[in-house]
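Step one of this worksheet: look at the structure below.
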Amino acid sequence: MDKNSKKRTVRGAAVAALVGGLAIAACGGGGGSGANPALLALGAAPAPAPAPAPTPAPPAEPGLPAVQQTEFERHMEASRLNTGGDPQMAYPWRAFYCNLSDDNNAIVLAERAKNSIRVPLTQLFDDVWYIGTEYVGQYILRDANGIVMIDAGNNAQEMRDYDLPALAQLGLSPTLPLNGVLVTHGHSDHDGGALALKTATGAPIYLGSADAINKAYDPVKLDSMVQDPYDIVVGGRTITVLSTPGHTAGTTGYVVRAKDGGKDVKLFVSGGSSLVTDNVALIQAYLHSMERTYALIKTLKVDTASNPHIYWDGSRSLIYKIREQGLKSPSQFVIGNEKLLRAMAIGYSCTAAWLAKKAPDTAVPVWRVSAIDFIAGSPSPNRIAARLVNGWGPVAGKTVSFATAQGETVCQATTDAHGIARCAVPTPALSTGAEQLVARFEGTSTEQTVDLGSEAQAPFEDLQTSLCRDLAQARQASGSRTGDSTYKARLDADGDGVIGLVDVQQITALLPQGSTCP
């Protein structure tokens, strides 16, 4: 039997369900049983199945044989291409998630030296604050019902010197009590001050059950074997709980509802981001946790992440931006659901690469992050079209659906060789200036690859109004490239990744004959 026939494919079916808009089971009901066969328990062996041979890379020169990529190389390539050229996705997200597969754990160790650099109490949203160090800290949530805290400090002294005074500053009192503490996992830099905090306030402290052994503060146990997300209510505040084993067996993530300028916002507080293990079962569990985290963030449309290790996901730079500029509305802490999903996919790719290095006989599908956007002059009565791309280039042969924001289907089309899906003239029921149109790619999967879904929304306008706006924006964004904050795919008429004179000319050529822009 050859090497490829011995490989095992891990959870291709689970990912197929994921990209199709996996629904969340048991939210609000105290947790699911984990009976979904796609959700493997910690350490469970995957069902054996033959894995296809890796997709060969194109030859370096015509006539030369193709170079076959290893599993490790395929996932490492994905980790880089999935950044989409965004510098923030490359660093810090990819840099830290790929620290092991890049053989660069030194960047994590260097951050530990910053555990002595204090970050003052900083407001991130209407009702959320950060207190801690440049290495690790705690999030404090306060509303009319009282206070909820996430993580409990490095040690008892830090709790006495910094955290309890911060709680007092935010109004901790018998009428504004600490209603609960949500600990992300059982490492001492996250719960080292838990006993001192509980002694001072009497607040219950929640912790994943797999980490709850021999804890002096007697935590309320959150069942680490429950794989589905579920809601708990702490002090009147709804918190979605997701068991995410891998960093530790009891690592737990939390989705927190907060207010940003009076508007609802959701934060995902990651339980444990680093993976420092050669244990294949734990690596697989961590990979599975990444899949379920991605699904949760997608389904709940989570707006941003807030890692207790604030260097890991760029939270530290956002906190300092708030301190320098003052808190704005919307908060500078929000990165958006699209970026957050891209970051989770990068984390998956890095973990899959590490698994491939430690267990070469195990194969998992390569995740490819897609991006879709309407092209210039669309959507309008004369033009409904969108371009679908990923880090590998245009995505051809995929179905894109166009619908109103209320869910009424307008049309469907298949992407061509340039990744563009075009529909015929739309239904007359649509009215310009009143409707929003959504272009959506649901995602597809095979045993080797998963093309993750994406969507874009834009106003349905008359063609001239749409093109004149695009022209003005293209001129302003001239010179910007994929990944730049000023780059917009709809303005890149030739799809070369750069907005320039050719794009301005092509957009101008689409204007109705005899019309001009103001």
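Worth saying up front: this structure is predicted, and the values here are computed from it rather than measured.
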TODO: Salt-bridge test for R342 and D86: reply yes if a basic N is under 4.0 Å from a carboxylate O, no otherwise.
DONE: no
TODO: Let me see the working for E111 and K114 under salt bridge (Lys or Arg N to Asp or Glu O under 4.0 Å), right down to the final yes or no.
DONE: CA-CA 5 Å; E111 293 298 330; K114 300 176 183 177; 3.5 Å; yes
Open item on the list: I want to check something: taking the side chain as every heavy atom from C-beta on, are Y348 and T293 in contact at a cut-off of under 4.5 Å?
Closed with: no
- [ ] Kindly indicate, with the supporting measurements, whether the criterion side-chain contact (heavy atoms from CB on, under 4.5 Å) is fulfilled by F333 and V128.
- [x] CA-CA 11 Å; F333 208 72; V128 180; over 6 Å; no
- [ ] Answer yes or no: is there a donor N or O on one side and an acceptor on the other, between the side chain of T251 and the main chain of G246, under 3.5 Å?
- [x] no
Task: Flag for D313-S315: side-chain donor and acceptor within less than 3.5 Å - done: yes
Open item on the list: Any heavy-atom pair between the side chains of W367 and V369 that's under 4.5 Å?
Closed with: no
Open item on the list: Could you report the tightest heavy-atom contact between V364 and A352, atom names first, then the distance?
Closed with: CG2-CB, 3.6 Å
Open item on the list: Donor-acceptor pair, distance only, cut-off 3.5 Å: does the side chain of T252 make one with the backbone of G271?
Closed with: no
Open item on the list: Classify the ring geometry of Y91 against F96: parallel below 30°, tilted from 30° to 60°, perpendicular beyond 60°.
Closed with: tilted
Open item on the list: Is the shortest side-chain heavy-atom distance between T299 and Y294 below 4.5 Å?
Closed with: no
Open item on the list: More than 12 heavy atoms of other residues, nucleotides or ligands under 6.0 Å from CD of Q457: yes or no?
Closed with: yes
Task: Pairwise side-chain contact, L341 with I297, heavy-atom cut-off 4.5 Å (strictly under) - done: yes
Task: Inter-residue atom distance L452.CG - S370.OG, 0.5 Å rounding - done: 6.5 Å
- [ ] Return the minimal non-hydrogen interatomic distance between L124 and S331, and the atom names on each side.
- [x] O-OG, 2.7 Å
Task: Shortest non-hydrogen contact between S243 and V226, atoms and distance - done: CB-O, 3.4 Å
Open item on the list: Restricting to ring pair (Phe, Tyr, Trp, His ring centres under 6.0 Å), what partner residues turn up for Y130, sequence neighbours left out?
Closed with: Y139
Open item on the list: Distance check, rounded to the nearest 0.5 Å: N82 atom CG versus N390 atom CG?
Closed with: 8.0 Å
Open item on the list: Contact between V366 and Q448 at the side-chain level, heavy atoms closer than 4.5 Å - yes or no?
Closed with: no
Task: Sub-4.5 Å side-chain heavy-atom contact between T133 and I117 - done: no
TODO: Walk me through it: do I107 and D102 pass the test side-chain contact (heavy atoms from CB on, under 4.5 Å)?
DONE: CA-CA 11 Å; I107 61 170; D102 278 340; over 6 Å; no
Task: D211 CG to N214 CG distance, which is reported to the nearest 0.5 Å - done: 12.0 Å
Task: Side-chain donor-acceptor contact under 3.5 Å, E134 with Y320 - done: yes
Task: Between H247 and S273: side-chain donor-acceptor atoms closer than 3.5 Å - done: no
Task: Minimal non-hydrogen separation, W93 against Q88, with atom names - done: CD1-O, 3.4 Å
- [ ] Just grab all the salt bridge (charged side-chain N to carboxylate O under 4.0 Å, His left out) pairs involving residues 157-178, residues at least two apart or on different chains.
- [x] R118-E158
- [ ] Output every pair passing salt bridge (charged side-chain N to carboxylate O under 4.0 Å, His left out) with a member in residues 139-155, not counting sequence neighbours, ordered by first then second residue.
- [x] D143-R237
Open item on the list: For V255 versus F268, what's the shortest heavy-atom pair and its separation?
Closed with: CG2-CD1, 3.8 Å
- [ ] Report yes if some heavy atom in the side chain of L141 is under 4.5 Å from a heavy atom in the side chain of D127; otherwise report no.
- [x] no
TODO: Any chance you could measure R316, atom CZ, to I310, atom CD1, to the nearest 0.5 Å?
DONE: 6.0 Å
Open item on the list: Do K259 and D264 have side chains that approach each other closer than 4.5 Å (heavy atoms only, starting at C-beta)?
Closed with: yes
Task: From CG (L197) to CG (L164), nearest 0.5 Å - done: 6.0 Å
Open item on the list: Looking at K266 and D303, is any side-chain nitrogen of the basic one under 4.0 Å from a carboxylate oxygen of the acidic one?
Closed with: no
Open item on the list: Given 3.5 Å as the limit, does a donor-acceptor pair link the side chain of N279 with the main chain of L282, or not?
Closed with: yes
TODO: Keeping the roles fixed (side chain from D260, backbone from F125), state whether a donor-acceptor pair exists under 3.5 Å.
DONE: no
- [ ] For the pair N154 and Y135, evaluate side-chain contact (heavy atoms from CB on, under 4.5 Å) and give the outcome as yes or no after the intermediate values.
- [x] CA-CA 11 Å; N154 277 283; Y135 174 68; 5.5 Å; no
- [ ] Indicate yes or no for a side-chain donor-acceptor contact from N155 to the backbone of G192 under 3.5 Å, with no hydrogens or angles considered.
- [x] no
Task: Whether over 12 other heavy atoms sit under 6.0 Å from K357 NZ - done: yes
Task: Donor-acceptor contact present, side-chain K263 to main-chain S329, <3.5 Å - done: no
Task: Residue I213 excluded, over 12 heavy atoms near CD1 under 6.0 Å - done: no
- [ ] Test L172 against L170 for side-chain contact (heavy atoms from CB on, under 4.5 Å), laying out the working first.
- [x] CA-CA 6 Å; L172 180 67; L170 292 175; over 6 Å; no
Task: Atom NZ of K488: over 12 foreign heavy atoms under 6.0 Å - done: no
- [ ] Would you please classify the geometry between the H185 ring and the H187 ring as parallel, tilted or perpendicular, with 30° and 60° separating the classes?
- [x] perpendicular
Open item on the list: As an exercise, state the distance from CG of L222 to OG of S209, rounded to the nearest 0.5 Å.
Closed with: 8.0 Å
TODO: For T244 and G253, work out which heavy atoms get closest and say how close.
DONE: OG1-N, 3.8 Å
Task: Salt-bridge contact E324-K321 (side-chain N to carboxylate O under 4.0 Å) - done: no
Open item on the list: Keeping T83 on the side-chain end and S79 on the backbone end, is there a donor-acceptor pair under 3.5 Å?
Closed with: no
TODO: Please indicate whether Q436 has more than 12 foreign heavy atoms, meaning atoms of other residues, nucleotides or ligands, lying under 6.0 Å from its CD.
DONE: yes
Task: Sidechain N-carboxylate O distance under 4.0 Å for E77, R74 - done: no
Task: Stepwise side chain to side chain donor-acceptor pair (under 3.5 Å) check, T238 with R257 - done: CA-CA 7 Å; T238 299; R257 282 79 174 166; 6.0 Å; no
